[in-house]
Every structure is written in C-alpha cells, then in structure tokens.
Amino acid sequence: MIPVHMRLSGFLSYRDPVDVNFEGFDLACISGSNGAGKSSLLDAITWVLFGQARKRDDSIIHAGENTAEVVLDFLYEGNLYRVQRSKTRDRSALLEFYIQNPADGDGPRRWKALTEKGLRETEARIVQTLRMDYDTFTNASFFLQGKADQFAQQRPGDRKRILSNILGLEIWETYRERAVARRRSVEGDVAVLDGGLAEINAELDEEEARRSRLAELENSLKQLAEARSAQGTALENLRRVAAALAD
C-alpha cells in the first residue's frame, strides 16, 4: 500500500482541514514539538483504514469540533483506492470505500463505490483488499509508539499468523481449501463412475447365463411358431370341411 494523499479535519491535533500529499517524496522524517500532531498523522492512517488508533471513541474528535474526518487515497497493486471515515459526537462512525475506474476516453476518472451494507462489512472488505489487518499493519508497517517490540511479545501462534499475512502465505491456505474441495468433488465423481462400472461388470458376469437363457427362449419361440403353423393348417382344413358340409 502506497499512500498518495490524505485529508484530515477535526481529528486529534488537527482542528482545521489539512491536506498531506505523499507524492513528492519517497522517504520523510516527521519532526516537531510535543502536541504538534506528528503521531496524529500515523493514527489517522490506522483509524481511517481499520477504525483503530490510540483513541477509539469521541476523544479522537478535536475539542473544538463536532466531527472528525479522515480521507486517504492510496495505491495498491496498480489501483487507486479511497477510504473516507468520519465520526460525529455521540453517533456511529461512517465509512466509505472506493476504487478509481480508468478514464473513459478523454473523460475524467470516476470513483466506483466498494462500500458494503454496514460498517463492519466495509471494514472487512478493506482488510480483504489489503490482505492485511490492523495487527499485521502495526507489526510490519507501522510500529506504535512505545511498542516497537510488540511483535516479539506476541504469542507464537499470533506471530505465525502475522508473518503469514506479511508474506502472503494465507493465499496458500486458500489454495489448499480449493484443492481439498476439488479432490472431494473428483472423489465423488469417481465413486459414481465406480458404481456404474460395478453394475456393468455385474451385467457382464451374467452374459453367459443370459445367452443360454436367450437360446432357450429362441428355441421355445421356434417350437411355438411351428405349433402355430400346424394349428393354422388344421384350422384351414376345418374351415373347408365346414364349407363342404354347408354346401
């Protein structure tokens, strides 16, 4: 994730709207006196993306304002995204998520909404897009103040999960689940084919018996045909006798 532009207003140390353009530099050092808002810039990134910062309730709102808002544009895997989160006192936070569509001819680029029905669903969509949650972000990209050793303090299972997220290993778990599902599907198809093959083999095993039975039936049919022919001849003779008697 590469930040491109961020706008803050009413957030922590930033009462008035402030625009931060990240495109003019690759490396920066933030310096200033205590309370100038150095950490607030980093808190704004974690808050707008994941809804978490050093403060999570109305205390993130500047004392002289009623609403805090952060808008962050960032590049990820060749796409430009925008996340916009705002919090009004005594109200629930609002979250919007967008992706910028390519320009249509000479027309301007437009933002396509990726926002889900609810706040939690939209946050999950952001995490899914970034393939990184708050814990991974604060252990790999952004070290919280006074918690530089946070990763080392994690439990082994959590360290494994965080490293897997950082290295993108979770995709292999997805591949494994897909392979297992595919294997089960193929095994089901094979079972159906095996059942059909067993029925065919059972039919083939009865071939000689059925051929013998067919020969018997054909012989019986021949005998019945001969008997029918004889009876037909006898019936014709009777009809002639009856005709002669009638005359």
Side-chain angles (χ1 to χ4, degrees), residues 1 75-83 95-133 136 157-158 160-247:
M1 184 191 77
L75 285 169
Y76 185 73
E77 295 185 343
N79 294 311
L80 181 63
Y81 295 91
R82 170 173 289 176
V83 181
L95 179 62
E96 301 290 340
F97 186 34
Y98 303 93
I99 184 173
Q100 191 177 75
N101 288 330
D104 185 9
D106 296 331
R109 292 175 175 265
R110 299 183 183 275
W111 292 100
K112 175 184 176 182
L114 301 178
T115 308
E116 299 290 344
K117 294 181 179 180
L119 176 67
R120 300 304 177 195
E121 291 83 356
T122 304
E123 288 179 341
R125 180 74 178 272
I126 295 173
V127 170
Q128 181 183 17
T129 300
L130 294 175
R131 294 198 292 273
M132 178 171 55
D133 57 13
T136 304
D158 292 335
K160 179 180 178 181
R161 177 182 59 81
I162 292 170
L163 280 175
S164 295
N165 290 337
I166 294 173
L167 299 175
L169 300 182
E170 72 279 357
I171 191 62
W172 294 104
E173 178 63 21
T174 302
Y175 292 156
R176 186 191 69 81
E177 293 176 354
R178 291 179 181 175
V180 169
R182 177 60 178 164
R183 186 194 67 189
R184 290 175 179 172
S185 176
V186 171
E187 287 177 347
D189 294 339
V190 170
V192 172
L193 293 175
D194 286 343
L197 182 60
E199 293 180 0
I200 293 173
N201 289 331
E203 295 285 341
L204 292 175
D205 290 338
E206 298 180 1
E207 182 181 6
E208 292 300 326
R210 294 191 177 186
R211 286 182 181 275
S212 177
R213 177 59 176 165
L214 177 61
E216 293 177 0
L217 292 175
E218 288 177 343
N219 186 48
S220 297
L221 179 61
K222 182 179 180 181
Q223 293 176 359
L224 290 173
E226 291 175 351
R228 181 178 182 278
S229 178
Q231 290 176 356
T233 301
L235 177 61
E236 183 62 26
N237 291 333
L238 289 175
R239 287 176 176 172
R240 291 175 181 174
V241 172
L245 290 175
D247 290 342

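No experiment lies behind these values; they were computed from the predicted model shown.
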Go through the structure and list residues passing salt bridge (charged side-chain N to carboxylate O under 4.0 Å, His left out) with Arg210, not counting sequence neighbours. Glu203, Glu206
Mind checking the CG-CG spacing from Leu214 to Asn219? Nearest 0.5 Å is all I need. 11.0 Å
Rounding to 0.5 Å, atoms CG (Leu221) and CG (Leu217) come to a distance of 8.5 Å
Would you say Tyr76 and Ile99 make side-chain contact, with heavy atoms under 4.5 Å? no
Check ring-ring contact (aromatic ring centres under 6.0 Å, His included) between Phe97 and all other residues, then give those that pass, not counting sequence neighbours. Tyr81
Residue set satisfying side-chain hydrogen bond (donor to acceptor under 3.5 Å, both in side chains) with Arg176, at least two apart, ordered chain then number -> Glu173
Which pairs, with at least one residue in residues 214-224 and sequence neighbours excluded, count as a salt bridge (charged side-chain N to carboxylate O under 4.0 Å, His left out)? Arg213-Glu216
List, one per line, each side-chain donor-acceptor pair under 3.5 Å for residues 116-127, sequence neighbours excluded.
residue: Glu116; atom: OE2; partner: Arg125; partner atom: NH1; Å: 2.7
residue: Arg120; atom: NH1; partner: Glu123; partner atom: OE1; Å: 3.1
residue: Glu121; atom: OE1; partner: Gly118; partner atom: N; Å: 3.4
residue: Thr122; atom: OG1; partner: Glu116; partner atom: N; Å: 3.0
residue: Thr122; atom: OG1; partner: Gly118; partner atom: O; Å: 2.9
residue: Glu123; atom: OE2; partner: Arg85; partner atom: NH1; Å: 2.9
residue: Glu123; atom: OE2; partner: Arg85; partner atom: NH2; Å: 3.2
residue: Arg125; atom: NH1; partner: Leu114; partner atom: O; Å: 3.4

Partners of Arg184 by side chain to side chain contact (heavy atoms under 4.5 Å, CB included), sequence neighbours excluded? Val180
Listed by chain and number, what are the salt bridge (charged side-chain N to carboxylate O under 4.0 Å, His left out) partners of Glu77, not counting sequence neighbours? Arg131
For Arg211, all residues meeting salt bridge (charged side-chain N to carboxylate O under 4.0 Å, His left out), sequence neighbours excluded: Glu207
The reported gap from CE in Met1 to CG in Leu130 (rounded to nearest 0.5 angstrom) is 6.5 Å
Tell me, please, which residues at least two apart from Glu187 pass side-chain hydrogen bond (donor to acceptor under 3.5 Å, both in side chains). none
Arg82 side, atom CZ; Gln100 side, atom CD - distance, nearest 0.5 Å: 8.0 Å
Would you mind listing every side-chain hydrogen bond (donor to acceptor under 3.5 Å, both in side chains) that reaches into residues 224-247, with sequence neighbours excluded? none
The side-chain hydrogen bond (donor to acceptor under 3.5 Å, both in side chains) partners of Gln128 (sequence neighbours excluded) come to none
How long is the span from the CG atom in Asn101 to the CZ atom in Arg110, to the nearest 0.5 Å? 9.5 Å
So, using side-chain hydrogen bond (donor to acceptor under 3.5 Å, both in side chains) as the criterion, who are the partners of Thr129 when residues are at least two apart? none
